[in-house]
Amino acid sequence: MNQTPALLKSFILSVTPKLIRYASTASTPAHTKRVAVLGASGGIGQPLSLLLKLSPLISDLSLYDIQHTKGVGADLSHIETRAKVKAYVGKDELADALKGMDLVVIPAGVPRKPGMTRDDLFNTNATIVADLVTACAKNCPRAVIAIIANPVNSTVPIAAEVMKAHNVYDEKKIVGVTTLDVVRASTFVAEAKGLDPTRVFVPVIGGHSGNTIIPLLSQVSPPVSFSQQELTTLTNRIQNAGTEVVEAKAGAGSATLSMAHAGARFSFSVLEALNGKEGVVECGYISSQETEFKYFATPLLFGRNGVEKSMGVGKLSEFETKLIEKAKKELNGNIQNGVEFAKQYLAKSK
């Protein structure tokens with residue numbers, strides 16, 4: 001990395017605070033990990049795979065998709081970092097793509113288009129996730145599975161039910177990636193308050209669509225205060241930020257670049273924790289024992305085995321308590337849809 005031309009190095013170092021730390025060191029961590037990206041040829045998959053290729057935390061990067069993966073793999077393999085890239089195409093090669101993986105990231109699925117909600121993607125993406133997680137159950141049952149494919153509120157319960165059916169379920173290792181909500185919240189708060197966005201953290205709880213996205217603006221770090229109007233405006237923007245991008249792209253796709261960044265940030269945190277780093281916290285959507293919901297996103301403490309524990313929701317403001325109440329029907333419905341789909345899928349698979 002030290003031989004990288006100054007201009008390119010400047011670009012790499014600007015990608016994300018986590019990559020700054022990784023890209024600026026030429027040494028390899030004592031324990032590198034094997035990572036698979038399922039859906040590596042897609043709008044999220046390609047930039048996500050690029051960011052992962054830059055990380056010295058990764059020894060082997062396995063790329064899988066139903067088409068075009070060989071080209072993506074060849075392209076990325078020319079980058080002068082230590083991660084070895086292998087590309088796999090089609091269902092016949094899926095098992096080989098997954099064997100020995102420590103982390104599997106799933107951005108596979110169809111993107112939203114203008115006028116579509118994440119739920120409109122349900123039938124197509126639910127089947128894709130169920131198929132891919134079935135392969136994970138058979139080939140890398142101990143891997144952490146990070147699910148990006150929407151609707152996350154439903155696809156995570158689907159993944160859990162599939163793993164249960166194969167008797168390899170571990171609630172510590174199936175996580176819905178809600179990091180993009182945190183990234184957006186931090187960015188929007190920093191813009192509103194004139195702060196450095198790399199130093200702002202906004203916990204986001206609940207789910208990963210519309211009203212189920214609940215930013216805890218009362219718990220922003222560093223502490224800032226908001227008027228009622230600011231609370232309402234910021235919350236609405238955070239909840240609808242995905243639609244903002246879909247509409248701006250005018251039919252050309254959904255949030256891909258920011259999601260790739262968020263997925264990479266989440267992946268790096270998981271890999272650091274798997275390597276033994278302590279105190280690693282990222283928000284994520286998991287099976288919940290602490291709330292009235294069967295699945296719920298909270299800040300999570302990661303460790304060597306995946307999710308060590310949920311950090312809970314903390315002290316909520318009255319405004320935030322009302323947001324949770326408002327989210328109940330939608331979130332519970334999303335969860336139930338996922339569980340019911342999984343039952344039908346598994347019944348057909350027998």
Side-chain angles (χ1 to χ4, degrees), residues 16 18 44 48 103-107 109 112 117-119 121 125 129 144-160 171-189 200-217 219-220 234-235 237-245 254-256 258-270 273 280-288 290-291 293-302 306-307 309-314 320 323-324 327 330-332 334-335 338:
T16 168
K18 283 187 176 293
I44 297 170
L48 172 60
L103 170 64
V104 178
V105 189
I106 306 181
R112 277 202 294 162
T117 67
R118 290 178 179 88
D119 286 338
L121 307 176
N125 287 1
V129 169
V144 174
I145 301 175
I147 298 176
I148 293 172
N150 275 315
V152 167
N153 293 358
S154 302
T155 53
V156 171
I158 290 170
E171 62 184 15
K172 294 181 177 181
K173 294 188 174 182
I174 298 180
V175 189
V177 180
T178 62
T179 313
L180 182 53
D181 299 324
V182 177
V183 167
R184 287 167 167 162
S186 298
T187 299
F188 300 162
V189 167
V200 175
F201 175 69
V202 183
V204 182
I205 64 171
H208 184 57
S209 66
N211 291 336
T212 72
I213 299 170
I214 303 168
L216 301 184
L217 297 176
Q219 298 180 28
V220 174
L234 278 169
T235 298
R237 189 179 181 203
I238 294 164
Q239 290 179 334
N240 295 291
T243 301
E244 182 179 312
V245 175
S254 57
T256 54
S258 55
M259 185 63 247
H261 159 78
R265 166 177 156 170
F266 180 87
S267 297
F268 296 149
S269 291
V270 171
V280 176
V281 176
E282 288 284 354
C283 291
Y285 180 75
I286 62 169
S287 174
S288 175
E290 298 180 346
T291 70
F293 302 94
K294 292 181 179 178
Y295 292 85
F296 202 75
T298 62
L300 305 173
L301 177 66
F302 285 87
V307 178
K309 68 175 182 178
S310 165
M311 305 298 286
V313 301
E320 291 155 358
L323 290 177
I324 293 179
E330 181 178 344
L331 184 52
N332 282 329
N334 294 158
I335 294 167

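Positions are given from 1, in the same order as the sequence printed here.
Ile324 CD1 to Thr291 OG1: the interatomic distance, rounded to the nearest 0.5 Å, is 8.5 Å. To the nearest 0.5 Å, the span separating NZ on Lys172 from CD1 on Ile286 amounts to 11.0 Å. Taking CD1 of Ile335 as the start and CD1 of Ile158 as the end, the distance is 12.0 Å to the nearest 0.5 Å. Taken to the nearest 0.5 Å, the CG atom of Leu300 stands 9.0 Å off from the CE atom of Met311.
Remark: the backbone N or O of Ile214 is not paired with any side-chain donor or acceptor of Glu320 at under 3.5 angstrom. Between the side chain of Thr155 and the main chain of Asn150, no donor-acceptor pair closer than 3.5 Å is present. Remark: the backbone N or O of Ala160 is not paired with any side-chain donor or acceptor of Glu171 at under 3.5 angstrom.
Annotation: Phe302 is in aromatic contact with Phe266 [ring centroid separation under 6.0 Å].
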Applying side chain to side chain contact (heavy atoms under 4.5 Å, CB included) to Tyr295 and Ser288, what does each step give before you reach the verdict? CA-CA 5 Å; Tyr295 292 85; Ser288 175; 5.7 Å; no

Take Val245 and Arg184, measure what side chain to side chain contact (heavy atoms under 4.5 Å, CB included) needs, and give me the verdict at the end. CA-CA 12 Å; Val245 175; Arg184 287 167 167 162; 4.1 Å; yes

Let me see the working for Arg265 and Val182 under side chain to side chain contact (heavy atoms under 4.5 Å, CB included), right down to the final yes or no. CA-CA 11 Å; Arg265 166 177 156 170; Val182 177; 3.8 Å; yes

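Side-chain contact between Tyr285 and Pro157 is present, with at least one heavy-atom pair separated by less than 4.5 Å. Taking 4.5 Å as the limit, every side-chain heavy atom of Ser186 sits out of range of all side-chain heavy atoms of Val220. Put simply, the side chain of Glu330 reaches to within 4.5 Å of the side chain of Asn334, judged on heavy atoms. The side-chain heavy atoms of Met259 and Ser254, taken from C-beta on, include no pair separated by under 4.5 Å. Two residues are said to be in side-chain contact when any heavy atoms from C-beta on lie closer than 4.5 Å; Ile174 and Val156 meet this criterion. When side chains are defined from C-beta on, Ile148 does not count as touching Leu180, because their heavy atoms never get closer than 4.5 Å.
Pairing each heavy atom of Pro299 with each of Ile205, the nearest pair is CD-CG2, 4.2 Å. Counting all heavy atoms, side chain and backbone alike, Asn211 lies closest to Gln239 at O-NE2, 3.6 Å. Of all heavy-atom pairs spanning Glu290 and Gly312, the tightest one is OE1-CA, 3.7 Å. Heavy-atom minimum distance, Leu103 versus Ala146: CD1-CB, 4.3 Å. The two residues Val313 and Gln219 make their nearest non-hydrogen contact at O-NE2, 2.9 Å. Here the closest heavy-atom approach between residue Cys283 and residue Pro203 is recorded as SG-CA, 4.1 Å.
Under the ring-ring contact (aromatic ring centres under 6.0 Å, His included) criterion, Phe188 pairs with no residue, sequence neighbours left out.
Defined by atom type and a distance below 3.5 Å, a donor-acceptor pair is present between the side-chain atoms of Asn153 and Thr212.
Screening Val183, Thr179, Val177, Thr178 against Asp181 for a side chain to side chain contact (heavy atoms under 4.5 Å, CB included) leaves a single residue, Thr178.
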